[in-house]
Amino acid sequence: MEHEKILLGLAGDVMIGRGVDKAIAQKGYDYPWGNVLPLLRSTDMNIVNLETALTYNTEAVPKTFNFKASPDRVETLVRARITAVSLANNHVLDYSEAGLLETLRTLKAAGVHYAGAGADETEAARPALVTRHGFSLGLLSYTDNEPGWKAGPARPGTNYVNVEDGRDRQRALEAVKRLCTTVDLVVVSLHWGPNMREAPPASFEAFAHQLLEKGARIIHGHSAHIFQGIELYQGGLILYDCGDFVDDYMVHPAVRNDLSFFFLVELNKHRIESLQLVPVLISNNAVNRAIGSEARWALRCMQERSAPFGTLITEEGLVQVALENTP
């Protein structure tokens with residue numbers, strides 16, 4: 001039906017390696033999703049940033065942190081109905097090109113769509129295409145992390161973008177414009193910026209605006225490990241950073257990187273109708289709904305970080321966006 005509503009779930013970084021990988025081995029594939037699992041299964045599509053190589057390869061590249069999980073852990077994504085993952089990030093090649101290629105094979109075999117990395121630059125730039133109930137979505141994925149991992153004509157790697165480089169920005173804008181002619185909804189997933197930054201720089205805001213002006217409807221940001229503000233712009237939605245969703249990371253008490261949200265976006269082929277923020281808390285290698293003072297802290301913090309963009313969020317985490325959109 002032309003006006004059928006679609007419920008899209010969005011979350012930030014999903015790291016199922018290291019301690020989470022061990023927890024899965026002990027407690028099962030469903031464990032990392034905690035009591036958020038029914039919510040993940042209630043949507044039509046879910047998109048996250050997968051910050052873990054799925055590989056048996058043991059050849060770790062030289063860096064501070066290397067994340068991988070056994071390839072069978074893809075079942076954890078399948079159990080949560082993760083439709084598509086962004087792979088343009090600073091961990092997908094943690095176990096070298098062989099680890100990336102095994103990750104791609106593993107996701108394909110499990111039916112999980114991906115964008116942002118590939119066996120060469122053509123595949124890395126290729127959008128993921130998903131259709132549900134006659135509604136088509138195209139996912140483009142980019143990262144400004146690890147420029148040395150940029151895919152080449154015959155080299156596996158990521159879909160790299162330098163936000164400060166006009167040619168790189170133009171390449172992304174042209175990709176969005178092309179994709180808009182073939183799908184109902186374009187989502188651009190961006191793994192951008194340094195850790196623990198509470199607000200995007202002006203150059204990121206400008207780039208996000210340009211992407212929406214070219215026809216993208218949702219900007220799905222991540223990388224900072226903490227959530228940033230939300231902006232409604234020309235009928236589109238910008239989640240500058242979704243924060244962390246599942247991991248085993250050390251918690252920084254001042255910024256509470258263990259708190260974030262599951263973002264529920266209701267939309268039809270013409271407009272975004274609503275956004276619901278569900279506060280979540282990472283603990284013991286799993287994500288669960290945040291409650292009480294922690295949920296209130298997360299919502300209050302998001303309200304404060306979104307206020308400079310003129311975005312109003314209720315105490316229940318609801319953002320009414322229908323009036324901001326035009327058919």
Side-chain angles (χ1 to χ4, degrees), residues 14 45 47-55 57 59 61 68 71 74 77 82-131 136-192 207-208 210-212 214-223:
V14 168
M45 307 181 195
I47 298 173
V48 303
N49 175 58
L50 179 62
E51 233 182 12
T52 315
L54 301 173
T55 180
N57 188 34
E59 183 189 347
V61 301
K68 74 164 187 169
V74 73
L77 305 178
I82 303 301
T83 313
V85 296
S86 167
L87 294 181
N89 57 56
N90 57 316
H91 287 289
V92 72
L93 276 104
D94 276 1
Y95 285 82
S96 75
E97 294 177 358
L100 168 61
L101 295 175
E102 186 173 12
T103 301
L104 302 181
R105 293 193 299 270
T106 300
L107 292 169
K108 283 180 184 176
V112 178
H113 300 266
Y114 62 83
D120 54 34
E121 63 185 9
T122 299
E123 184 181 14
R126 186 178 301 148
L129 303 174
V130 184
T131 300
S136 58
L137 177 148
L139 172 68
L140 289 164
S141 177
Y142 300 88
T143 183
D144 70 349
N145 289 199
E146 298 288 354
W149 288 4
K150 180 179 179 179
R155 184 178 69 249
T158 61
N159 195 22
Y160 176 79
V161 63
N162 179 352
V163 177
E164 310 298 331
D165 186 293
R167 291 171 299 181
D168 273 13
R169 289 196 306 273
Q170 190 60 35
R171 177 173 59 88
L173 295 173
E174 290 173 357
V176 167
K177 185 177 179 180
R178 287 193 303 271
L179 186 55
C180 284
T181 65
T182 62
V183 298
D184 298 315
L185 169 71
V186 172
V187 177
V188 181
S189 194
L190 293 162
H191 199 71
W192 54 354
F207 185 41
Q210 290 175 333
L211 289 165
L212 294 185
K214 286 295 182 182
R217 198 98 62 87
I218 298 175
I219 305 301
H220 171 234
H222 33 85
S223 181

*Got Val74 and Leu107 here, is their nearest side-chain heavy-atom distance under 4.5 Å?*
yes

*Working to the nearest 0.5 Å, report the span between CD of Glu59 and CD of Glu97.*
9.0 Å

*Can you check side chain to side chain contact (heavy atoms under 4.5 Å, CB included) on Ile47 and Leu137, steps first, answer last?*
CA-CA 11 Å; Ile47 298 173; Leu137 177 148; 4.1 Å; yes

*Tell me the salt bridge (charged side-chain N to carboxylate O under 4.0 Å, His left out) pairs involving residues 117-126, sequence neighbours left out?*
Lys108-Glu123

_Close side-chain approach of Leu190 and Leu211, heavy atoms under 4.5 Å_ = yes

_Distance-minimising heavy-atom pair for Asn159 and Tyr142_ = ND2-CE2, 3.1 Å

*Listed by chain and number, what are the side-chain contact (heavy atoms from CB on, under 4.5 Å) partners of Asp184, not counting sequence neighbours?*
Phe135, Ser136, Lys269

*asked:* Please list all pairs meeting salt bridge (charged side-chain N to carboxylate O under 4.0 Å, His left out) that have one or both residues in residues 152-164, counting only residues at least two apart or in different chains.
replied: none

*asked:* Can you give me the closest heavy-atom contact between Ser141 and Ala88, atom names plus distance?
replied: OG-CB, 3.2 Å

*Under 3.5 Å, is there a donor-acceptor pair between the side chain of Lys68 and the main chain of Asn57?*
yes

*Residue among Leu100, Asn89, Leu87, Thr143 satisfying side chain to side chain contact (heavy atoms under 4.5 Å, CB included) with Thr158*: Thr143

_Glu51 CD to Asn145 CG distance, which is reported to the nearest 0.5 Å_ = 8.5 Å

_Under the side-chain hydrogen bond (donor to acceptor under 3.5 Å, both in side chains) test, residues paired with Thr55 that sit two or more places apart_ = Glu102

_Those residues that, when tested against His222, pass ring pair (Phe, Tyr, Trp, His ring centres under 6.0 Å) (two or more places apart)_ = His191, His220

*Under 3.5 Å, is there a donor-acceptor pair between the side chain of Arg169 and the main chain of Val163?*
yes

_Heavy-atom side-chain contact between Asn49 and Val85 under 4.5 Å_ = no

*CG/Leu54 to OH/Tyr95 distance, rounded to the nearest 0.5 angstrom?*
12.5 Å

*For Ala128 and Ala115, work out which heavy atoms get closest and say how close.*
N-CB, 3.9 Å

_Sub-4.5 Å side-chain heavy-atom contact between Val176 and Leu179_ = no

*Any chance you could measure Leu173, atom CG, to Arg178, atom CZ, to the nearest 0.5 Å?*
10.5 Å

_Is there a side-chain contact between Leu139 and His113 in this structure, where contact means two heavy atoms from C-beta onward sitting under 4.5 Å apart?_
no

*If we only count heavy atoms from C-beta on, is the Phe207 to Val188 side-chain gap below 4.5 Å?*
no

_Rounded distance [0.5 Å steps], OG1 in Thr182 versus CG in Leu129_ = 6.5 Å

*Write out all pairs satisfying salt bridge (charged side-chain N to carboxylate O under 4.0 Å, His left out) with one or both partners inside residues 82-93, taking only residues at least two apart or from two chains.*
none

_For Glu146, is there any backbone N or O sitting under 3.5 Å from a side-chain donor or acceptor partner on Asn90?_
no

